[in-house]
Number of protein chains: 2
Amino acid sequence: MKKKKTYHHGNLAESLLDAVDEIASQFGLEAVTLRACAKLAGVSPSSAFRHYVDKRALFTAFATRALNQLTAAMSAAKAIAEKDGQDAFKAVGIAYIAFAIDKPAFFRAMWREEAIYSNDDHYRQAANNLSAQLTGGFADTIDDKDPETLSAQELLAWSAVHGLANLFVDGPVGNATPRQQKIEKAVEMIDALMPAFQPSNA
Amino acid sequence: MKKKKTYHHGNLAESLLDAVDEIASQFGLEAVTLRACAKLAGVSPSSAFRHYVDKRALFTAFATRALNQLTAAMSAAKAIAEKDGQDAFKAVGIAYIAFAIDKPAFFRAMWREEAIYSNDDHYRQAANNLSAQLTGGFADTIDDKDPETLSAQELLAWSAVHGLANLFVDGPVGNATPRQQKIEKAVEMIDALMPAFQPSNA
DNA sequence: GTGCTATGTGTACATTGTTCACATATTTTC
DNA sequence: GAAAATATGTGAACAATGTACACATAGCAC
């Protein structure tokens with residue numbers, strides 16, 4: 001039940017992502033260094049390049065993973081809300097913001113345009129899925145859809161949620177505020193947003 | 001009319017900010033290196049430390065400057081809108097998003113929590129001013145105000161605008177879209193938001 | 001002028017991303 | 001099952017970067 005002390009690691013690509021996860025969680029994204037990741041995975045620095053062409057490629061994979069985690073969290077929140085007969089969008093929006101609050105480094109990693117290859121296929125796919133999950137309550141199709149085709153209301157919904165998440169994580173809002181109060185602020189904001197989604201305003 | 005070839009530079013602190021500006025504009029934030037800035041300012045690398053304790057401090061100063069530029073742009077847009085009898089918030093919101101589109105590196109620099117000292121006094125002040133300028137149309141006081149005290153509607157307004165700006169700059173929205181279309185999208189989004197600000201929804 | 005302080009220089013060092021020739025494991029092929 | 005081919009990990013090296021420090025030079029106070 002130990003590490004098989006084999007020369008080959010067996011699952012290094014994943015392990016490196018776990019290392020990014022670990023270091024980013026504890027010390028922030030800026031502290032994530034290739035060498036530290038390699039060390040955490042118990043492997044020499046240069047071995048990372050067998051699995052990722054770049055540090056940037058590693059970050060891209062990590063961003064993709066984070067996007068998928070957030071999408072899953074939203075999906076779970078939606079399922080619960082629907083079962084309880086509550087507003088699905090509200091639940092999904094709160095899940096989005098809560099994720100940003102709880103895992104700021106992950107949230108930052110998802111959108112670091114200059115530090116990832118944002119036209120990577122897997123990354124794009126994950127971003128599309130996230131977009132579809134968030135705006136799913138609005139459109140007829142929950143299918144995977146391109147963020148370019150969002151309606152004004154869908155774009156508004158995403159923007160508001162995404163914006164508050166960013167203001168909490170990287171902005172001057174709620175810096176010294178405990179988590180619970182931030183969530184309440186988020187609920188208030190989404191409540192204030194609801195009138196924009198009345199059928200009469202379509 | 002040349003550089004006075006004096007041993008002392010005379011205005012290095014500012015010149016270094018100009019260098020960040022220049023490099024970030026041309027090659028992005030990630031390309032900004034202390035040594036490159038020093039070279040651009042015509043000075044040795046170590047001299048930068050006489051004016052900024054850190055690279056991070058330099059970035060903080062640059063972020064502050066960028067915040068003030070954005071605040072000024074919003075202020076100008078507001079003045080024009082008021083003179084023309086147009087909706088002030090809409091004009092200010094568009095100015096915010098347009099700034100992000102036109103100067104993405106500057107916009108990113110403003111909110112890089114992990115790369116700046118976000119509790120620096122000047123930075124905080126600039127962020128407060130920006131907050132006040134954006135939400136000025138809502139509150140009774142346009143005075144400098146703490147972002148913590150924003151109402152739900154003010155927070156919604158900022159979140160929506162900030163969110164779309166971020167989606168354009170670092171997100172999957174509008175990647176291949178020409179500037180003008182992004183602006184139109186922004187106008188649509190803000191239009192969709194307006195019902196949330198009706199007095200009946202206060 | 002003589003100091004005092006502010007500002008810029010040059011050298012040096014540790015850390016980082018990355019490369020490359022080499023070593024070792026795994027898989028394929030006969 | 002041996003040999004060949006391929007995949008995966010290693011170690012030493014390099015250039016670039018942020019930063020420290022002892023020193024040089026400028027500007028100012030008296």
Find the distance between CG (A:Leu155) and CG (B:Leu164) and round it off to the nearest 0.5 Å.
5.0 Å
Enter the distance from B:Leu150:CG to B:Ser159:OG here, rounded to the nearest 0.5 Å.
9.0 Å
Quick one: closest heavy-atom pair of B:Tyr123 and B:Ala63, and the distance?
CE1-CB, 4.0 Å
Looking at every heavy atom in both B:Ala13 and B:Tyr52, which two are closest together, and how far apart are they?
O-OH, 2.8 Å
Compute whether any side-chain donor of one residue and acceptor of the other, for A:Gln133 and A:Thr71, lie under 3.5 angstrom apart.
no
Measure from [atom1] on [X] to [atom2] on [N] and round the result to the nearest Å.
| X | N | atom1 | atom2 | value |
| --- | --- | --- | --- | --- |
| A:Asp54 | C:dT16 | CG | C1' | 14 Å |
| B:Tyr52 | D:dT19 | OH | P | 14 Å |
| A:Leu16 | D:dT8 | CG | P | 13 Å |
| A:Lys55 | C:dT19 | NZ | P | 15 Å |
| A:Arg56 | C:dT18 | CZ | P | 11 Å |
| A:Asn11 | C:dA25 | CG | P | 18 Å |

Within residues 20-45 of chain A, those residues having any heavy atom closer than 4.0 Å to DNA chain C are A:Thr33, A:Leu34, A:Arg35
Polar-atom pairs under 3.5 Å, protein N or O versus N or O of nucleotides 20-23 of chain D: list them with distances, or write none.
none

As a test of understanding, state which of [options] forms a side-chain contact (heavy atoms from CB on, under 4.5 Å) with [X].
| X | options | value |
| --- | --- | --- |
| A:His162 | B:Asp170, B:Asn166, B:Val173 | B:Asn166 |
| A:Cys37 | A:Leu17, A:Ile23, A:Asp18 | A:Ile23 |
| B:Phe62 | B:Asp21, B:Ile116, B:Leu67 | B:Asp21 |

Please evaluate residues A:Tyr117 and A:Phe59 with respect to the criterion ring-ring contact (aromatic ring centres under 6.0 Å, His included), reporting the C-alpha separation (whole Å), side-chain torsions for both, the decisive distance (0.1 Å), and the verdict.
CA-CA 8 Å; A:Tyr117 293 118; A:Phe59 271 60; over 10 Å; no
Any side-chain N or O of A:His51 less than 4.0 Å from the OP1 or OP2 oxygen of D:dA7?
no
Looking at B:Ser47, does any N or O in its side chain come under 4.0 Å of the phosphate oxygens OP1/OP2 on C:dT7?
no
